[in-house]
**Q** 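Here you go, one structure.
Bear in mind the structure is a predicted one, so any value in this text is a computation, not a measurement. Note that ligands are numbered from 1 as they come in the structure, with each ligand's atoms numbered from 1 the same way.
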Amino acid sequence: MKVVIRPTREDANRLTARLIAARLRRKPDLKLGLATGRTMEAVYAELVRQHREEALDFSLCRTFNLDEYAGIPAEHPGSYRTYMNTHLFDPVNIDPRNTFLPDGMAEDLHAECALYEQAILESGGIDLQLLGLGGDGHIGFNEPLSAFESRTRAVMLNPATLAQNSEMFGGDPDRVPKRALTMGVGTILEAAQIVFLVTGKAKAEIFAKAVEGPVTSMISATALQFHADCVAVADEDAASLLEGREHYRWLFANDPEWENFR
Ligand code: GLP
């Protein structure tokens, strides 16, 4: 894993968007894995800005989201489909037929998950996967004890996750769907490249465990330590408990790979 620390949340968001945009410009038919959550809103806003002002083109891009709630329709204001339409898909020139999320209303959730895996496979696999970090260390909706070899499947959400995600459900954790469909940890690890964005003081402790702690399925994000091309982008707040932060700062300042992103 590589860790890039930027001074502010805005800098971290902007760098993340620039990494995605650079890949999309190099490969217009990019297969892009997407994440939801408050962290990603500014990243999508920056991609929309680049689409409007710098001709960033999504017309050939295909997207696969990490997860979706089960039991609420796509049109529900709290669904991840609504989130994606609002923050990215509607404002850019992506073909809606090229945007994929698992269908949380499918009659047979198991079959739906198998179809989702197949769709990713048939697309040739995900080139770049964007990831955020849940308060309990989840990636996607892979709650603690998710097997590192897990695939797209239906999962139960932990009470802490329901509470954290209640904002879109009137602030009431009881109204958040308790089940979701999520890419598995194994599915995520198959992406060719991963950009893992974590910001804010509240995530500092779990982020340090994810990046530098022992690998454990109790913290799904520690599985990213196995990935050969994973960049963790953080602001100073989220990075504040990393033991190696001086070293990561030095690497970013000196590694020619980052020349165009400093
Ligand atoms: C949800 C999503 C995750 C996301 C997490 C963090 O649980 N399923 O993919 O990373 O939220 O959300 P936030 O950015 O709001 O902290």
**Q** What is the nearest protein non-hydrogen atom to atom 4 (C) of ligand 1, stated with its residue, atom name and distance?
**A** T36 O, 3.7 Å
**Q** Report the part of Q164 (side chain from C-beta onward, or backbone N, CA, C, O) that has a heavy atom under 4.0 Å from ligand 1; answer both or neither where that applies.
**A** neither
**Q** Whether the D108 and H110 side chains hold a donor-acceptor pair (N or O, under 3.5 Å, no angle test) is what I'd like checked.
**A** no
**Q** Return the option from G37, A202, G132 holding the heavy atom at the smallest distance from atom 10 (O) of ligand 1.
**A**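 The option holding the nearest heavy atom is G132.
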**Q** Which one of G140, A180, A35, A221 has a non-hydrogen atom at the shortest distance from atom 3 (C) of ligand 1?
**A** G140
**Q** Give the residue and atom name of whichever protein heavy atom lies nearest to atom 15 (O) of ligand 1, and the separation in Å to one decimal.
**A** R38 N, 2.8 Å
**Q** Between T182 and R151, is a side chain to side chain donor-acceptor pair (under 3.5 Å) present by the stated rule, with each step listed?
**A** CA-CA 8 Å; T182 182; R151 312 300 308 185; over 6 Å; no
**Q** Where's the contact between D67 and ligand 1, heavy-atom distance under 4.0 Å: side chain, backbone, both or neither?
**A** side chain
**Q** Considering only the protein, which heavy-atom contact is closest to atom 16 (O) of ligand 1, and what is its distance?
**A** K203 NZ, 2.8 Å
**Q** Mind running salt bridge (charged side-chain N to carboxylate O under 4.0 Å, His left out) on D237 and R9 for me, showing each step along the way?
**A** CA-CA 8 Å; D237 280 346; R9 183 186 295 256; 5.6 Å; no
**Q** For atom 7 (O) of ligand 1, find the nearest protein heavy atom and state the residue, atom name and distance (0.1 Å precision).
**A** H138 NE2, 2.9 Å
**Q** Quick one: closest heavy-atom pair of Q164 and G134, and the distance?
**A**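 Of all heavy-atom pairs spanning Q164 and G134, the closest is OE1-C, 4.3 Å.
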**Q** Do you know the tightest heavy-atom contact between T99 and R81?
**A** OG1-NH1, 2.9 Å
**Q** Could you see which bit of M40 sits under 4.0 Å from ligand 1, with heavy atoms only: side chain, backbone, both or neither?
**A**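 Neither; nothing of M40 gets under 4.0 Å from ligand 1.
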**Q** Checking side-chain polar atoms at under 3.5 Å, does T161 have a donor or acceptor matched by the opposite partner on E143?
**A**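 Looking only at side-chain atoms, E143 and T161 do form a donor-acceptor pair, the distance falling under 3.5 Å.
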**Q** Can you list the ligand 1 atoms lying under 4.0 Å from a non-hydrogen atom of T39?
**A** 13 (P), 14 (O), 16 (O)
**Q** Record the part of Y80 in heavy-atom contact with ligand 1 below 4.0 Å; permitted values are side chain, backbone, both and neither.
**A** side chain
**Q** Pick whichever of N165, L133, D136 has a heavy atom sitting closest to atom 11 (O) of ligand 1.
**A** N165
